[in-house]
Amino acid sequence: MFSIRYVRENAQKIKEGIRKKKVEIDIDLLLQKDERRRKLITEIDNLRHEQKDAGRIIGEKKQQGEDAEELINQMQEIKRRLKASEEELKKLEGEINETLKWIPNPPHPSVPVEESVIKEWGEVKEFPFEPKDHLTLCNAHGILDFPAGARIAGSNFPLYRGKGAKLERALINFMLDLHIKKHGYTEIFPPFLANEKCMFGTGQLPKLKEDMYLIEQDGLYLNPTAEVPLTNMYRESVIDEKDLPIKFTAYTACFRREAGSYGKETKGLMRVHQFNKVELVKFSHPENSYNELESLLQDAEEVLQLLGLPYRVVLLPYDDLSFASAKTYDIEVWAPGLGRWLEVSSVSNFEDFQARRANIRFRSGNRTEFVHTLNGSGVATPRTFIGIIENYQQEDGSIIIPEVLRKYTGFDRIP
RNA sequence: GGAGGGUUAGCCUAAUUGGUAAGGCGGCGGAUUUGAAAUCCGCUGGGUCAUAGGGCCCUUGGGGGUUCGAGUCCCUCACCCUCCGCCA
């Protein structure tokens, strides 16, 4: 969240940002309120000054045993005026604050108007037969059981069975090991629930409230992405400058209500309420954050390269960016059975937007400054699972396991 | 679920019956020095007004109350720690 002062001093940038992200917020009205707010502060400061002076005199008189009644009575009037002004100020600040919460992070200048595919990797191969979609294949092998999932939790809660469960677990372990051993991330296993402050800090709240599962009894939300716990590890803290960049990776289950999104997109593992994801999070010095974004993208891409899955990288246009992101790349895997590209990773630089909301700073000399936070999926499993099933299917319906996963699965094909 | 303890600035730590936040460390600047260490001096968060020197106000986890005046007293909420109970 931007401070009102920042908005005042960067009004044009903020206005352009909300225009690009197609949000409707009246910044001019906000600035008018700010002006009134500052007048009130001056007024209140002056009254308090009077009050403090008088308090000092009363204290002295009382200590010397003198009568201070008259002055004390005069102070009653000051007190009344203070209270009135303070109430108006409080109301005004409440309104200002409420508006500030909804101001999105402006896109980085390099973010385009139109979506652009900046890279394609691997070969979209032609099958000598009609490729089947993953749901058909998985049902045939009994490795996915949606009806059982529905009995337990409802529709679109996947249940993996047998080799399907093993393949899922293998994917997670393979990705974690890659990021830990080769890319130098520190492994974290965080809580899967997080409080409201965390959700506000990373920007899920207030905008995405309806998309999250809330446990009302405890005021806790189910983790929608490991970005939340990982980034909030340093909420309200100060990091040593020499420790930057900090790189964390974690596996978590992710829970999303996906309110109102039932429809064509929900076939099989396409869009589910609970899924697994290995996440990458970085805390960066502001000067380096765009270099860190590029290397984060490479770290995520390498997962797909090693799995031998054809993918492309898309630079999102500015009206597709999330509330908190300044720049985002999506990585999309080719699914021959479904005949389309599937988003498996979203890699973003939030600059200091989340750091402001969560108050995450680093110490530089005798002052503190907000860090830049970044994250990327490294990667989400369901659509990667789809990619493997559909790309590695054979004419007889069996599925070859990619080489790099075999030491984790212990088998090289399904069935 | 029960009982108790705690939260003060980047960090650590004080503050007789309520009297207007004291120190230390770290850091920054300066003096001294061939250089460094040591030593000494100054500064240290936020807001607001002002062209400026600077003024004023706020800041003891959040919110509210009592009072001329609250770190201190009262209420409430959050989080942390310890113990008891329950429990995979």
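What you see below is based on every heavy atom in this structure, not just the backbone, and it leaves out hydrogens, waters and symmetry mates. In what follows, every chain begins at residue 1, and chains take the letters A, B, ... in the order their sequences are listed.
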Using atom names, set out every protein N or O paired with an N or O of nucleotides 58-61 of chain B below 3.5 Å, distance rounded to 0.1 Å.
from: C58(B); atom 1: OP2; to: Lys52(A); atom 2: NZ; distance (Å): 3.1

Against the six-membered ring of [Y], is [X] placed for a cation-pi contact (under 6.0 Å from the centre, within 45° of the normal)?
| X | Y | result |
| --- | --- | --- |
| Arg169(A) | Tyr408(A) | no |
| Arg357(A) | Phe350(A) | no |
| Lys163(A) | Phe411(A) | yes |

Ionic contact status for [Y] with [X], cut-off 4.0 Å:
| X | Y | answer |
| --- | --- | --- |
| Lys247(A) | Glu292(A) | no |
| Asp28(A) | Lys15(A) | yes |
| Lys91(A) | Glu95(A) | yes |

Is Arg37(A) near enough to G47(B) that one of its side-chain N or O atoms lies under 4.0 angstrom from OP1 or OP2?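 Arg37(A) to G47(B) OP1/OP2: no side-chain N or O under 4.0 Å.
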Kindly say if Arg363(A) contacts the phosphate of G26(B), meaning a side-chain N or O under 4.0 Å from OP1 or OP2.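 No, because none of the side-chain N or O atoms of Arg363(A) sits under 4.0 Å from OP1 or OP2 of G26(B).
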Does any part of the side chain of Asp133(A), heavy atoms only, come nearer than 4.5 Å to the side chain of Glu390(A), both counted from C-beta?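 A side-chain contact under 4.5 Å exists here.
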Glu343(A): which residues meet the salt bridge (charged side-chain N to carboxylate O under 4.0 Å, His left out) condition with it, sequence neighbours left out?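 With neighbours one apart ignored, the set is empty.
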Which residues satisfy the salt bridge (charged side-chain N to carboxylate O under 4.0 Å, His left out) test with Lys197(A), sequence neighbours excluded?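 Partners of Lys197(A) by the salt bridge (charged side-chain N to carboxylate O under 4.0 Å, His left out) criterion come out as none, since no residue qualifies.
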Gap in Å between the two P atoms, one belonging to G18(B) and one to G29(B), rounded: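 So the two P atoms sit 45 Å from each other.
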Taking only nitrogen or oxygen atoms into account, show me every contact under 3.5 Å that the protein makes with nucleotides 62-66 of chain B, one pair per line with its distance.
from: G64(B); atom 1: OP1; to: Lys90(A); atom 2: NZ; distance (Å): 2.7

[N] [atom2] sits how many Å from [X] [atom1], rounded?
| X | N | atom1 | atom2 | answer |
| --- | --- | --- | --- | --- |
| Leu40(A) | C57(B) | CG | P | 18 Å |
| Glu93(A) | G46(B) | CD | C1' | 13 Å |
| Asn46(A) | C49(B) | CG | P | 12 Å |
| Lys197(A) | C77(B) | NZ | C1' | 10 Å |
| Arg36(A) | G47(B) | CZ | P | 21 Å |
| Ile41(A) | A50(B) | CD1 | P | 13 Å |

His179(A) versus Thr249(A), side-chain donor and acceptor atoms under 3.5 Å: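 Short answer, no.
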Checking contacts here: which listed nucleotide (G47(B), G10(B), C49(B)) is nearest the side-chain heavy atoms of Arg5(A)?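 When the side chain of Arg5(A) is considered, G47(B) is the closest of G47(B), G10(B), C49(B).
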RNA chain B base-pair string [pairs: Watson-Crick or G-U under 3.5 Å; |: paired with another strand]: (((((((..(((......[...)))((((((.......))))))(((((....)))))..(((((..]....))))))))))))....
Would you confirm whether the ring centroid of Phe385(A) sits within less than 6.0 angstrom of the ring centroid of His134(A)?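 Between Phe385(A) and His134(A), which both carry aromatic rings, the centre distance is not below 6.0 Å.
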I'd like a table of atom pairs between the protein and nucleotides 1-3 of chain B - only N or O on both sides, under 3.5 Å - with the distance next to each one.
none

